[in-house]
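Step one of this worksheet: look at the structure below.
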Amino acid sequence: MVQVIENWADLLGRVRAVHSGGAAATVTVDVEDVRPVPGWPNLLAELAGTTAELRVPPEALPALRETERMVLRARLAGPRVTFLSAEPGEHRPVG
């Protein structure tokens, strides 16, 4: 089992789709940029310029808007497993 250190990054990108059916919700995002969160390691820098599928806690679902550009706070939880923050206030639209 691989252990990951606590980490956070802000992903800037367009929400392509929100998949809320089934046991786990996910969001597909066209990631334009990955910005560090002060005080935390950024383990998601390689996502810039890619399309990523992220796991979404139920608390964060109401904050997500399909087709909008957003800043989404996320963390690497394990190999190729990325979770959004459960705090809806950490996900916001960008003009």
Side-chain angles (χ1 to χ4, degrees):
M1 179 174 179
V2 175
Q3 192 168 5
V4 176
I5 61 171
E6 188 70 19
N7 65 95
W8 290 102
D10 284 335
L11 310 181
L12 170 65
R14 186 164 309 277
V15 175
R16 182 181 284 191
V18 178
H19 313 279
S20 57
T26 61
V27 61
T28 304
V29 180
D30 293 329
V31 182
E32 300 167 22
D33 193 18
V34 179
R35 300 173 181 165
V37 173
W40 298 101
N42 176 0
L43 301 183
L44 298 175
E46 74 274 357
L47 292 181
T50 70
T51 298
E53 187 160 314
L54 315 170
R55 295 186 186 181
V56 181
E59 303 89 345
L61 276 172
L64 303 178
R65 303 283 183 263
E66 284 188 2
T67 73
E68 281 196 34
R69 286 182 76 227
M70 297 188 73
V71 173
L72 305 170
R73 182 143 306 167
R75 66 182 173 87
L76 182 67
R80 298 188 318 247
V81 178
T82 304
F83 275 93
L84 290 186
S85 168
E87 297 295 324
E90 294 184 337
H91 314 297
R92 59 193 181 282
V94 174

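Sequence positions, counted from 1, serve as the residue numbers for this chain.
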| said: Apply side chain to side chain contact (heavy atoms under 4.5 Å, CB included) to residues Leu72 and Leu64 and explain how you reach the verdict. | reply: CA-CA 9 Å; Leu72 305 170; Leu64 303 178; 3.7 Å; yes

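- Closest approach of Ser20 and Leu61 over heavy atoms only: CB-CD1, 4.1 Å.
- Under a hydrophobic clustering in which Ile, Leu, Val, Met, Phe, Trp and Tyr are joined whenever their side-chain heavy atoms come within less than 4.5 Å, directly or via other members, Leu11 and Phe83 fall into different clusters.
- With sequence neighbours left out, the side-chain contact (heavy atoms from CB on, under 4.5 Å) criterion links Ala9 to Val34, Asn42, Leu44.
- A distance-only check finds no donor-acceptor pair linking the side chain of Glu68 to the backbone of Val15 [under 3.5 Å].
- Of all heavy-atom pairs spanning Pro41 and Asn7, the tightest one is O-CB, 3.3 Å.
- Scanning all heavy atoms of the two residues, the minimum distance from Ile5 to Leu43 falls at CG1-CD1, 4.0 Å.
- Each salt bridge (Lys or Arg N to Asp or Glu O under 4.0 Å) pair with one or both residues in residues 47-63, not counting sequence neighbours, would appear here, but there are none.
- Nearest heavy-atom pair across Leu84 and Ala74 is CD2-CB, 4.0 Å.
- A heavy-atom distance below 4.5 Å is found between the side chains of Val29 and Leu54.
- For Thr50, the side-chain hydrogen bond (donor to acceptor under 3.5 Å, both in side chains) test picks out no residue, with sequence neighbours left out.
- Residues Val37 and Val31 do not share a hydrophobic cluster, clusters being chains of Ile/Leu/Val/Met/Phe/Trp/Tyr side chains in contact below 4.5 Å.
- Legend: salt bridge (Lys or Arg N to Asp or Glu O under 4.0 Å) pairs involving residues 23-52, not counting sequence neighbours, sorted by first then second residue: Arg16-Asp30, Glu32-Arg69, Asp33-Arg35.
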Tabulate below the donor-acceptor pairs under 3.5 Å that side-chain atoms of residues 86-95 make, not counting sequence neighbours, or state none.
unit_1: Glu90; atom_1: OE1; unit_2: Ser85; atom_2: OG; d: 2.5
unit_1: His91; atom_1: ND1; unit_2: Arg73; atom_2: N; d: 3.3
unit_1: His91; atom_1: NE2; unit_2: Ser85; atom_2: O; d: 2.9

